[in-house]
Structures are given as C-alpha cells and as structure tokens.
Amino acid sequence: MAQARAKAATKERGESPLAERFALFAECLLTGVWIAVASLPLVTYPAAFAAGSRHLRRRTSHVGGGWREFAADFRKAVRGGWLVGLAGWAALAAVWVDVQAVRAGIPGGPFVGAVGILALIGAAVAGLRAAAVWEPGTRWRTLLGAAGRRTVLDPAGSFLLVGGLAVVACSAWFVAPLAVPVLGAVAAAAVAVEERHRRR
C-alpha cells in the first residue's frame, strides 16, 4: 500500500525512480546532521533519533515536513526521552567499569566484560527500534519493552542495526565528521527494519 502510494506520488511529480532514491538518500544524510545537532546535550539522543525517524517516515510516505516538524517532534520526544538517554550513559559507564575489570585481570572479568558489552549492544539496538516507531504521546517505557522483545525475536533485523552502528563507529574512528550524516542512514535502517518486521 505504502509502495503504491510512493510510486503514484513519484509519477505525479515526474521523477524517475533513481531520482527518488537519490533524494531519499540525501534526506537521510541531512537528517543525520539534525540528529547530531539535537544530540549535543548528550542525554537527548533517543529523542533526536525518534524525531529523525519520524521525519524519514513522513518522507517515505510523501508527507510534507522539514526542520520545523523535526524540532516539534524532538520537543515532544525529549520529555521522557532524556531519562532514556541518561540510562544509556549509565549503562555505558557500567560496561566501562567491566572492561577495566577485564584489563586488571580480576577473576571472572572476561566473562562479565563480554556479557556487559553484549547487553550494551542489545540495549542500543532496542533503543533504535523504539525510536524508529515513536509517535507523539507514546511512553518510552512501553516502546522500549516492545522493542526489546523485537530485538530478540527478529535477530536478522537486529544484526542489520548492529552493522549500522558499526559503520558509525568506523566512520568516527577514521574521519569523525563522516559519522554525523551516517546517523541519518542508521535511523533510516531502523525505520526499514521495523517496517519489515511489521509486514511479516
């Protein structure tokens, strides 16, 4: 249904499919910049991804919207989203302590460190999946609970998002500015993974 609407809208505007895909790719890169700017307060990254994902969903549905709509969504998402962001930083700090235990040679450290890293990756994927389906008025706790279940029950989609996070990390490692637009591609991947899961 959504694909049929997209094709009809593309035909009305006289765009070729290639031009439409390139425009969507460019929109992903621009959305990555918006997400990066909105994430500067550090605890607002879940809300930034939620607003970015909603913007990309509008774009793929050929519904109008730009920076103002993104900012409005961000303001709504940040109301509960900042607590999720704070919890994410706390989880990262806990994993960092685990890694230090591994490096110090504490007995059982490698196992605890591995479990901590895997749990952090799983939490990051669940957070992305929750942000990808966020709508104004929905509670983050509800979104995260459902996203956690989808993370486990849809391993293919979850591994795709792990790959997206790895691309962001590699981009930041080699050329830091590249990580900024790539954030939009990760948000787009999360939206696509959730849409694929919904259609199954």
Side-chain angles (χ1 to χ4, degrees), residues 21-60 67 70-71 73-74 77-78 81-99 113-134 140 143-144 147-148 150-152 154-197:
R21 290 184 184 122
F22 186 77
L24 181 58
F25 176 68
E27 196 71 32
C28 289
L29 299 182
L30 176 62
T31 303
V33 175
W34 293 352
I35 290 170
V37 170
S39 298
L40 286 176
L42 298 183
V43 295
T44 57
Y45 63 89
F49 269 101
S53 297
R54 190 155 192 258
H55 170 72
L56 291 173
R57 290 201 313 269
R58 277 195 298 266
R59 178 66 177 83
T60 55
W67 168 252
F70 173 88
D73 284 339
F74 175 72
V78 82
W82 72 271
L83 286 170
V84 178
L86 190 62
W89 285 113
L92 182 62
V95 170
W96 184 82
V97 170
D98 287 345
V99 171
V115 169
I117 289 171
L118 288 174
L120 183 65
I121 292 170
V125 169
L128 280 173
R129 296 187 82 137
V133 297
W134 176 86
W140 279 98
L143 287 174
L144 288 168
R150 291 194 302 275
T151 298
V152 174
D154 179 23
S158 297
F159 281 124
L160 177 64
L161 293 180
V162 169
L165 292 171
V167 168
V168 172
C170 289
S171 300
W173 181 267
F174 292 116
V175 184
L178 278 180
V180 172
V182 171
L183 291 173
V186 173
V191 169
V193 163
E194 286 300 307
E195 180 64 19
R196 170 184 164 274
H197 181 77

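Computed from a prediction, not measured in an experiment: that's the story for all the values here.
In this structure, CG on Leu178 lies 11.5 Å from SG on Cys170, to the nearest 0.5 angstrom.
Closest approach of Leu128 to Ala190, counting heavy atoms only: O-CB, 3.8 Å. Between Cys28 and Ala188, the closest heavy-atom pair is SG-CB, 3.5 Å. In this structure, Leu161 and Val186 approach most closely via the heavy-atom pair CD2-O, 4.4 Å. Among all heavy-atom pairs drawn from Ala77 and Ala50, the shortest one is CB-CB, 4.1 Å. What you find for Asp98 and Gly116 is that their closest heavy atoms are OD2-CA, 4.0 Å. The two residues Ala126 and Leu144 have their closest heavy-atom pair at O-CD2, 4.2 Å.
Looking at Ser158, its side chain does come within 3.5 Å of a backbone N or O of Thr151 through a donor-acceptor pair. With hydrogens and angles ignored, the 3.5 Å screen pairs no side-chain donor or acceptor of Trp134 with any backbone N or O of Ala47.
For the pair Leu42 and Trp89, the minimum side-chain heavy-atom distance is below 4.5 Å. Looking at Asp154 and Arg196, their side chains come closer than 4.5 Å, going by heavy atoms from C-beta outward. Counting heavy atoms from C-beta outward, Leu183 and Trp34 have side chains that stay 4.5 Å or more apart. Residues Val99 and Ile117 are in side-chain contact: their nearest non-hydrogen atoms beyond the backbone lie under 4.5 Å apart.
Between Arg57 and Glu195 no salt bridge is recorded (no basic side-chain N to carboxylate O distance below 4.0 Å).
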Exercise. Is there a side-chain contact (heavy atoms from CB on, under 4.5 Å) between Val84 and Leu143 once you walk through the steps?
Worked result: CA-CA 11 Å; Val84 178; Leu143 287 174; over 6 Å; no
Problem set entry | side-chain contact (heavy atoms from CB on, under 4.5 Å) between Val133 and Arg150, intermediate numbers included | CA-CA 12 Å; Val133 297; Arg150 291 194 302 275; 3.7 Å; yes
Problem set entry | Verdict with reasoning, Asp73 to Arg58, per salt bridge (charged side-chain N to carboxylate O under 4.0 Å, His left out) | CA-CA 12 Å; Asp73 284 339; Arg58 277 195 298 266; 2.9 Å; yes
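Taking a 6.0 Å sphere around CH2 of Trp67, one finds it holds more than 12 heavy atoms contributed by other residues, nucleotides or ligands.
With Phe74 as the partner, the side-chain contact (heavy atoms from CB on, under 4.5 Å) test is satisfied by one option alone out of Val37, Thr44, Ile35: Thr44.
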